[in-house]
Amino acid sequence: MIEIYRIETVASEEAGGGVVRRIMVRTDSLEKAKERALKVFALARRPQSRDPEIEVVRVLNGAGHELFSVSTRD
């Protein structure tokens, strides 16, 4: 069954905090959404990224519950 997951990139407090970008992903498993979130995290942490310093990337389900997150502190 296909579900919609929301991937959010969150800036660090020093960079102003808050959600920087949201991506909607339609997939049949949470594992695929996690893989996409890890790719987003890797790209956002690159030195040439134009986004503010990213601290957390998280995956939320359609109801808004956090299912997975990866942080610079991990």
Side-chain angles (χ1 to χ4, degrees):
M1 183 170 146
I2 302 231
E3 290 191 49
I4 297 175
Y5 296 96
R6 191 170 65 219
I7 298 174
E8 297 181 340
T9 55
V10 181
S12 65
E13 291 297 321
E14 295 83 32
V19 175
V20 175
R21 179 172 288 133
R22 286 187 180 99
I23 301 169
M24 305 301 272
V25 177
R26 289 180 52 149
T27 185
D28 60 349
S29 72
L30 175 60
E31 291 304 314
K32 290 180 182 176
K34 285 181 184 180
E35 289 174 18
R36 178 73 186 269
L38 290 171
K39 287 180 187 177
V40 168
F41 184 71
L43 290 173
R45 297 293 300 163
R46 287 178 150 177
Q48 65 267 33
S49 178
R50 57 185 182 181
D51 289 333
E53 187 175 330
I54 300 300
E55 185 173 336
V56 177
V57 173
R58 58 188 177 197
V59 177
L60 294 94
N61 64 7
H65 297 116
E66 186 176 309
L67 304 174
F68 172 78
S69 68
V70 60
S71 170
T72 56
R73 291 177 258 151
D74 290 344

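Computed over heavy atoms, backbone and side chain alike; hydrogens, waters and symmetry mates excluded.
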| said: Treating Ser12 as the side-chain partner and Glu55 as the backbone partner, does any N or O pair qualify as donor plus acceptor under 3.5 Å? | reply: no
| said: Test your reading of the model: is there a side-chain donor-acceptor pair from Arg45 to the backbone of Ile54, 3.5 Å cut-off? | reply: yes
| request: Drop me the distance from Arg6's CZ to His65's NE2, to the nearest 0.5 angstrom. | output: 11.0 Å
| field | Lys/Arg-Asp/Glu bridge criterion (N-O < 4.0 Å) met for Glu31, Lys34 | value | yes
| field | Tyr5 to Asn61 - nearest heavy-atom pair and separation | value | CD2-CA, 4.2 Å
| remark: Nearest heavy-atom approach of Ala37 to Val59 is CB-CG2, 3.5 Å
| Going only through I, L, V, M, F, W and Y residues with side-chain contacts under 4.5 Å, is there a path from Ile23 to Val10? | no
| said: Please evaluate residues Arg36 and Thr27 with respect to the criterion side chain to side chain contact (heavy atoms under 4.5 Å, CB included), reporting the C-alpha separation (whole Å), side-chain torsions for both, the decisive distance (0.1 Å), and the verdict. | reply: CA-CA 10 Å; Arg36 178 73 186 269; Thr27 185; over 6 Å; no
| query | If you look at every heavy atom in Ala33 and Ile7, which pair is closest and at what distance? | reply | O-CD1, 3.8 Å
| request: State, yes or no, whether a side-chain contact exists between Arg21 and Val40 at a heavy-atom distance under 4.5 Å. | output: no
| said: Quick check: closest heavy atoms across Ser69 and Val56, and the distance to 0.1 Å? | reply: CB-CG1, 4.3 Å
| said: Do Arg58 and Val19 have side chains that approach each other closer than 4.5 Å (heavy atoms only, starting at C-beta)? | reply: yes
| request: May I ask whether Phe68 and Ile4 are part of the same hydrophobic cluster, defined by side-chain heavy atoms of I, L, V, M, F, W, Y residues being less than 4.5 angstrom apart, directly or through others? | output: no
| Linking I/L/V/M/F/W/Y whenever their side-chain heavy atoms sit closer than 4.5 Å, directly or via other members, would Leu60 and Val25 fall into one cluster? | no
